[in-house]
Peer 1: 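Please read through the structure below; I'll follow up with questions.
So that the names make sense, note that chain A is the first sequence line, chain B the second, and so on, each numbered from 1.
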Amino acid sequence: MAVLTINGQDYALPDDPRTTLLDFLHQHVKLFGAKKGCDHGQCGACTVLIDGERMNACLLLAFQLEGKAVTTIEGIARDEELHPLQKAFVSCDAFQCGYCTSGQICSGVALMNELEQNTPSTVWFESDYTDNEDIKERMSGNLCRCGAYANIIDAVNIARNDKGAS
Amino acid sequence: MRPFSINRLTDVNHLSTIDSFDNSRFLAGGTNLVDLMKHQIETPETVVDLSGWESANTIEETDDAYQIGAMVSNTDLANFAYRKDDLSLLSQALLSGATVQLRNRATTGGNLLQRTRCYYFYDTNQPCNKRKPGSGCAAMDGFNRIHAVLGTSEHCIASHPSDMAVAMTALDAKVKTMNPAGNSRHIPVRELYRLPGDTPHIETVLGGDELIVSVDIPKRPRGTQIYRKVRDRSSYAFALVSVACAVSLKDGVIDDISLAFGGVGTMPWHAKSAEDFLRGKTATSHLYEQACDVELSAARGAGSNDFKIPLIKRTAAFVLEQAVGQQMAHPYHQGAIHAR
């Protein structure tokens, strides 16, 4: 049976090939953490991890993901323990209405891995970029309409330091 | 989205087993095609799913070329190119495009074939010769701030959106293709695209059943490389104008130069006239704007996009000056200008 693994559990692929991963999560798996914002890959509210890489679930057709491991916001915490970035979002008040937060946290978790793996971003070609500018560039695929960005940068920085210490 | 059926392709040699390519589209990462299918601009009856085509997901290095598999993601290609001095331009262009989420999914072959972001192409209530041949062009007298000024026709002024394709044009890359009969051909990216003319819906020289297998980039020293992208916000936006430039000097004379423009052309624009003007000349600052004037003599604005003509001229002149300056300061320098 063709399956898709979501947060460690296997699910049969949908019959209709038009089903996007985002709609599959909502309609078949009843996981509503990944949000439908623009539904056209422009806002990042639906960001999930596919084999550890962040992608827009609204542009992924579920049938193409056979055998892949999907992690949604519901799978970011370890059992009862929140991920360091989730804790940092709480402590920094890094969200307002919260609609885009799950996408931002999935994006931020991937971002932390990308920095650890030393993968470049476009600001690396500038001579005098700062770490905060690098984080802003890497978070630019997650658009919030309420202007909470500054606290998100604080949260990412705190979580990165936490992780380094643990 | 309209209903469609799936054919899966896991090996390019099995292309011949697909019955028909009528009303069919190749589906790679889907970051553009799925979006177009949601808008019902693309309504294929069949998609040929390439997600299981593993062998196209690798980058091979030979003595004289990098062979980038068609399914290599934009992220993987950018990361690879970042560590190669002769591909710096490509990494800069890729990383300036879209977002990490999209680059993780988008593919090398798909990126080259992405469609324009012209508003009127996307709005199915508007006439568009590219979407519906013969229906007219709403952009011509409409909001055309993002539209092309080079290679346009009275039928279409849509700009080509890809950053990567501009870099591939400057690097003189070639696409390798295959068709169901097993015939393979190499097409320079500079010859892959077609000007709109009176058939703007035909965008490339590829056949409907012809699949991009890889993109081959010749290995060679290219001097200082800069991709400069100018846009309304500093991240996650298409280029208003962009310049891809690679320059090397010999005794103060421009020896080797590659120049391509993005955002201004109906296809990734190889600035060949400017290159020819500059090659062999002593590098001086008044030269660069002259070279751009030669290239831009055929440029035509449609009103709201008139500003792109002086903007591309100044941006290209600035980039040339910067790259030549780096060559002067560090003879035989190759790659990006890094301070770190």
Side-chain angles (χ1 to χ4, degrees), chain A residues 2 16-23 38-68 103 106-108 110-111 113-114 117-129 133 136-143, chain B residues 1-6 8 27-39 46-47 49-52 73 75-76 78-79 81-83 88-89 91-106 122 163 225-229 233-237 335-340:
Chain A
D16 190 334
R18 291 177 294 176
T19 314
T20 63
L21 175 62
L22 181 60
D23 289 340
C38 67
D39 206 26
H40 291 283
Q42 296 174 2
C43 75
C46 65
T47 301
V48 297
L49 309 181
I50 309 293
D51 289 345
E53 293 190 331
R54 48 177 157 156
M55 295 181 188
N56 303 108
C58 70
L59 292 182
L60 299 169
L61 293 178
F63 82 85
Q64 286 199 302
L65 301 174
E66 187 182 336
K68 302 276 185 194
C106 286
S107 207
L111 178 160
N113 292 335
E114 288 154 17
Q117 290 160 16
N118 231 15
T119 63
S121 86
T122 185
V123 300
W124 285 25
F125 292 99
E126 305 294 329
S127 55
D128 52 356
Y129 73 90
E133 280 164 357
K136 281 185 199 175
E137 166 60 29
R138 290 169 193 272
M139 288 299 291
S140 66
N142 294 78
L143 303 186
Chain B
M1 211 183 297
R2 302 274 179 86
F4 59 87
S5 60
I6 309 164
R8 291 175 199 266
L27 176 63
T31 52
N32 188 208
L33 182 58
V34 171
D35 192 26
L36 292 168
M37 286 163 69
K38 284 185 175 188
H39 283 291
T46 311
V47 303
D49 170 32
L50 304 176
S51 62
S73 75
T75 294
D76 286 349
N79 295 351
Y82 183 76
R83 300 182 203 287
S88 171
L89 191 51
S91 186
Q92 293 177 56
L94 279 165
L95 291 170
S96 75
T99 64
V100 185
Q101 284 99 315
L102 290 165
R103 295 198 295 269
N104 280 344
R105 184 65 184 169
Y122 259 78
D163 291 296
Q225 295 166 57
I226 299 174
Y227 187 76
R228 185 85 192 172
K229 182 171 175 179
R233 58 183 182 201
S234 61
S235 185
Y236 197 14
I337 301 174
H338 278 292
R340 292 199 179 193

Peer 1: Between B:Asn79 and A:Pro120, is any pair of side-chain heavy atoms under 4.5 Å apart?
Peer 2: yes
Peer 1: If you count heavy-atom pairs under 4.5 Å with chain A, which of B:Pro3, B:Ala78, B:Ala336 comes out on top?
Peer 2: B:Pro3
Peer 1: Test A:Asn56 against B:Arg105 for side-chain contact (heavy atoms from CB on, under 4.5 Å), laying out the working first.
Peer 2: CA-CA 9 Å; A:Asn56 303 108; B:Arg105 184 65 184 169; over 6 Å; no
Peer 1: Which of parallel (below 30°), tilted (30 to 60°) and perpendicular (above 60°) describes A:Phe125 and B:Tyr82?
Peer 2: perpendicular
Peer 1: To the nearest 0.5 angstrom, please state how far the CE atom of B:Met37 sits from the OG1 atom of A:Thr20.
Peer 2: 12.0 Å
Peer 1: For each of B:Arg2, B:Met1, B:Lys229, tally heavy-atom pairs with chain A at distances under 4.5 Å, and name the one with the top tally.
Peer 2: B:Met1
Peer 1: Check whether A:Ile50 gets within reach of chain B through its side chain, its backbone, both or neither, counting any heavy atom under 4.5 Å.
Peer 2: neither
Peer 1: Could you grab the distance from atom OG1 of B:Thr99 to atom CE of A:Met139, nearest 0.5 Å is fine?
Peer 2: 11.0 Å
Peer 1: Using non-hydrogen atoms and a 4.5 Å limit, figure out which bit of B:Ala106 sits close to chain A: side chain, backbone, both or neither.
Peer 2: neither
Peer 1: Can you name the salt bridge (charged side-chain N to carboxylate O under 4.0 Å, His left out) partners of B:Lys38, sequence neighbours left out?
Peer 2: A:Asp39
Peer 1: Distance check, rounded to the nearest 0.5 Å: B:Ser51 atom OG versus A:Glu66 atom CD?
Peer 2: 8.0 Å
Peer 1: If every non-hydrogen atom of A:Met55 is compared with every non-hydrogen atom of B:Asn104, which pair is closest and at what distance?
Peer 2: CE-O, 3.5 Å
Peer 1: Do A:Asn142 and B:Gln101 come within less than 4.5 Å of each other through their side chains, counting heavy atoms only?
Peer 2: yes
Peer 1: Just how far is it from atom CD of A:Gln42 to atom CG of B:Asp35, taken to the nearest 0.5 Å?
Peer 2: 6.5 Å
Peer 1: Check each atom of A:Cys106 against the heavy atoms of chain B and say whether the ones under 4.5 Å are side chain, backbone, both or neither.
Peer 2: neither
Peer 1: Side chain, backbone, both or neither: which part of A:Leu65 has a non-hydrogen atom closer than 4.5 Å to chain B?
Peer 2: side chain
Peer 1: Rounded to the nearest 0.5 Å, what's the gap from OG on B:Ser234 to NZ on A:Lys136? Could you check?
Peer 2: 8.5 Å
Peer 1: Measuring heavy-atom distances to chain A, does B:Ser5 have an atom under 4.5 Å in its side chain, in its backbone, in both, or in neither?
Peer 2: neither
Peer 1: What is the distance from atom CG of B:Asn32 to atom NE2 of A:His40, rounded to the nearest 0.5 Å?
Peer 2: 12.0 Å
Peer 1: Suppose we screen for salt bridge (charged side-chain N to carboxylate O under 4.0 Å, His left out). Which residues come up paired with B:Asp49, at least two apart in sequence or across chains?
Peer 2: B:Arg8
Peer 1: Looking only at non-hydrogen atoms, find the nearest pair between B:Leu95 and A:Glu137 and report the distance.
Peer 2: O-OE2, 4.1 Å
Peer 1: Taking side chain as everything from C-beta outward and backbone as N, CA, C, O, which of these in B:Leu27 sits under 4.5 Å from a heavy atom of chain A? Side chain, backbone, both or neither.
Peer 2: both
Peer 1: Between A:Ser121 and chain B, with a heavy-atom cut-off of 4.5 Å, which part of the residue counts as in contact: side chain, backbone, both or neither?
Peer 2: backbone
Peer 1: Is any side-chain heavy atom of B:Leu102 closer than 4.5 Å to one of A:Leu59?
Peer 2: yes
Peer 1: Which heavy atom of A:Thr122 sits nearest to which heavy atom of B:Gln92, and what is that distance?
Peer 2: OG1-O, 4.4 Å
Peer 1: Run the side-chain contact (heavy atoms from CB on, under 4.5 Å) check on B:Val34 and A:Leu61 step by step: do they pass?
Peer 2: CA-CA 8 Å; B:Val34 171; A:Leu61 293 178; 3.9 Å; yes
